[in-house]
Structure formats: C-alpha cells, structure tokens
Amino acid sequence: FYPLHMFFVTDAGTERWNFGLGIYSQWGNGRDWDADGAGGFERNLDEVDLITVTIEPSVTYEIMDDLYVAATLQVIASKINFTASPESASFSGIVDVDDIDLSADGTGTGYGLAVYWEPCDPIQVGLTYRSEVTIDYEGHAEANDISPALVAPGVSFQTLAGGRSSFETDLETEIHLPAQVSLGVAYKISDKWLVEVDCNYTGWQSFRNLSVDLNTEIAGIGFTEER
C-alpha cells in the first residue's frame with residue numbers, strides 16, 4: 001500500500017495562533033512469504049498487512065516570542081489482512097485447513113502535545129509526545145478446503161465439522177499502537193545550513209501479538225483463536 005504524507009497549516013489571520021491538519025501513515029507494515037514454505041502453520045503464512053491512515057488536526061499557540069505549545073487530536077483508521085495456506089498443518093491433528101483468510105477494519109483515537117523553543121538565535125529545541133492508541137477491529141474470517149487429517153475410531157468428519165468443507169465467522173481483535181516521545185535540538189550554522197540531532201522513544205511493549213477472537217467455532221476442531 002502507498003503511505004500518505006499531506007500537511008496543511010494556516011494562521012487564519014491571527015498573530016499567535018496556528019491551525020494544522022495532517023493526513024499521513026504513521027504506522028503500518030506488510031509482508032509476503034513464499035507459499036511453498038514448510039514446517040507447520042506459522043511457516044505457511046502467505047501475506048500479512050497492517051495498514052493505517054492518521055488524520056490529525058492540530059492547534060499551536062505562541063505563549064511568548066520564540067516559545068510555542070501545541071496540541072493535536074489523532075484519529076487512526078486501520079485495516080488488517082491475513083492469509084495463510086497451511087498445507088501441512090492441522091487443528092488438534094484432526095482436520096487439515098488449506099486456506100485461511102482474515103480481514104478486519106477499525107478506528108482509534110489519541111492525542112499529542114508539543115513544545116517548541118528558540119532559546120537563542122542559532123539554537124532550536126522541540127519536544128513532542130503522542131499517546132498510545134487502541135484500535136478496536138471487527139471483521140470476517142474464512143477457512144476453506146477443510147478435510148479430515150486424522151479421524152479417531154468411531155468419529156466421522158461429518159460429526160466434527162458438520163460435513164462442511166468451508167467455515168466462516170465474524171471476528172474481533174484490538175491493537176495497541178505505542179506511545180512516542182521525541183526530542184530534537186537543531187543548530188543554525190548559516191542561512192542555508194541547519195544541523196539537527198533527534199532522540200526518539202517508542203513504547204513497543206504495548207504491541208506484542210495479535211489475538212483474534214472468533215465469534216463461532218466448528219465443534220471438535222477448536223477453531224476459536226489464532227495468534
């Protein structure tokens with residue numbers, strides 16, 4: 001997917017206020033795997049996408065000359081896509097599932113705070129904080145080409161899966177996008193040169209795994225949660 005980076009700012013004819021709007025892709029990741037990989041379910045992933053678009057209005061106020069404070073509202077829209085072809089995998093050693101598709105959409109809100117200061121002519125200092133954002137997703141899951149891999153004596157596949165070769169259900173999940181703190185110091189060497197050093201902290205501990213809750217299950221398979 002193509003990330004967006006669009007920003008607009010205006011003082012609206014005021015002396016100490018500025019108003020901005022950013023539309024951009026702060027978070028996101030995507031990966032395609034070779035469908036011929038072997039070694040079980042986790043090694044037979046085909047594609048995983050986490051797509052986000054952030055809409056961020058902001059307001060800035062000049063407290064005094066060369067000292068500014070700002071606040072923002074973050075609205076993040078996101079989509080998750082997940083496909084797998086676990087050719088050699090089975091659930092509980094009973095049923096093979098050759099094709100799995102999950103997709104979900106969600107939104108979340110957060111906020112940001114910032115300070116910008118020019119203590120003297122060649123030096124500029126900026127500090128920003130963006131809060132953690134929880135995105136609640138709702139979507140759909142499908143498992144296709146279901147076939148019995150190992151049937152216990154006296155138990156039929158029709159009993160396990162109701163005779164179905166495919167399975168559909170709604171799903172729910174959530175992702176906690178991490179908080180961020182950034183500090184930057186810039187030195188103006190000349191009218192054409194500015195040197196900057198930044199330090200960034202991202203709270204990645206909030207994003208450890210993706211647990212999906214399926215609303216229904218196939219009796220006997222335990223197809224209720226996948227990580």
Side-chain angles (χ1 to χ4, degrees), residues 1-12 17-33 42 45-61 69-84 99-116 126-144 167-182 184 198 200-216 223-227:
F1 60 94
Y2 295 94
L4 299 171
H5 296 286
M6 298 186 294
F7 302 92
F8 172 79
V9 64
T10 178
D11 61 11
W17 293 91
N18 281 281
F19 305 92
L21 176 66
I23 302 175
Y24 59 95
S25 301
Q26 180 182 5
W27 306 108
N29 200 358
R31 178 71 186 269
D32 292 333
W33 283 270
E42 294 183 355
L45 294 173
D46 294 334
E47 183 179 0
V48 175
D49 290 321
L50 170 61
I51 303 169
T52 69
V53 175
T54 300
I55 301 173
E56 186 175 34
S58 64
V59 58
T60 304
Y61 181 70
V69 293
T72 70
L73 172 67
Q74 288 185 301
V75 179
I76 301 180
S78 180
K79 183 177 182 64
I80 296 174
N81 295 316
F82 172 98
T83 61
D99 180 49
I100 296 174
D101 291 288
L102 287 81
S103 62
D105 301 286
T107 58
T109 59
Y111 66 92
L113 301 172
V115 177
Y116 174 80
L127 176 66
T128 65
Y129 169 80
R130 284 186 170 88
S131 69
E132 179 180 308
V133 177
T134 298
I135 299 183
D136 295 313
Y137 294 88
E138 293 183 355
H140 183 76
E142 295 183 7
N144 299 304
F167 171 72
E168 298 183 14
T169 181
D170 294 331
L171 65 86
E172 296 178 354
T173 188
E174 65 179 19
I175 286 180
H176 304 281
L177 297 177
Q180 288 184 304
V181 179
S182 300
D198 295 326
N200 301 292
Y201 170 81
T202 303
W204 284 116
Q205 67 273 13
S206 68
F207 187 87
R208 295 183 178 275
N209 54 38
L210 178 63
S211 299
V212 178
D213 296 322
L214 305 180
N215 293 358
T216 59
F223 190 71
T224 57
E225 179 176 299
E226 187 56 58
R227 293 181 182 273

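Residue numbers start at 1 and run along the sequence shown. Predicted, not measured: the structure shown is a model, and the values here were computed from it.
- Note: I80 CD1 to D49 CG = 10.0 Å, rounded to the nearest 0.5 Å.
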Residue pair L50, V48: steps toward the side chain to side chain contact (heavy atoms under 4.5 Å, CB included) verdict: CA-CA 7 Å; L50 170 61; V48 175; over 6 Å; no
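- Within a 6.0 Å radius of CD in E132, more than 12 heavy atoms belonging to other residues, nucleotides or ligands are found.
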Can you give the donor-acceptor pairs under 3.5 Å from side chains of residues 101-111 to other protein atoms, not counting sequence neighbours?
none

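- Between W17 and T60 there is no side-chain heavy-atom pair separated by less than 4.5 Å.
- Atom OG1 of residue T10 and atom CG of residue L21 lie 12.0 Å apart, to the nearest 0.5 angstrom.
- Annotation for S206 and P178: closest pair OG-CA, 3.3 Å, computed over non-hydrogen atoms.
- Side-chain contact between N18 and V59 is absent, with no heavy-atom pair separated by less than 4.5 Å.
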Please assess S25 against W27 for the test side chain to side chain contact (heavy atoms under 4.5 Å, CB included), listing each intermediate value before the final yes or no. CA-CA 6 Å; S25 301; W27 306 108; over 6 Å; no
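- Rounded to the nearest 0.5 Å, atoms CD1 (I76) and OH (Y24) are 7.0 Å apart.
- Rounding to the nearest 0.5 Å places CZ of R130 at 12.5 Å from CG of L177.
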Determine whether L113 and L127 satisfy the following criterion, side chain to side chain contact (heavy atoms under 4.5 Å, CB included), listing intermediate values before the conclusion. CA-CA 8 Å; L113 301 172; L127 176 66; over 6 Å; no
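- No donor-acceptor pair closer than 3.5 Å links the side chain of T169 to the backbone N or O of A141.
- Taking CZ from F8 and CE from M6, the interatomic distance works out to 12.5 Å, rounded to the nearest 0.5 Å.
- Listed by chain and residue number, E56 satisfy the side-chain hydrogen bond (donor to acceptor under 3.5 Å, both in side chains) test with T72 (two or more places apart in sequence, or in another chain).
- V53 is listed as a side-chain neighbour of L4, based on a closest heavy-atom distance under 4.5 Å.
- Side-chain contact check for I135 versus V133: some heavy-atom pair is nearer than 4.5 Å.
- In terms of the side-chain hydrogen bond (donor to acceptor under 3.5 Å, both in side chains) criterion, residue partners of N200 (sequence neighbours excluded) are, by chain and number, S182.
- Of all the heavy atoms in Y137 and K79, the pair that sits closest is CE2-N, 4.2 Å.
- How far OG1 of T54 is from CD of Q26: 5.0 Å, rounded to the nearest 0.5 Å.
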Apply side chain to side chain contact (heavy atoms under 4.5 Å, CB included) to the pair F19 and S58, showing each step before the final yes or no. CA-CA 6 Å; F19 305 92; S58 64; over 6 Å; no
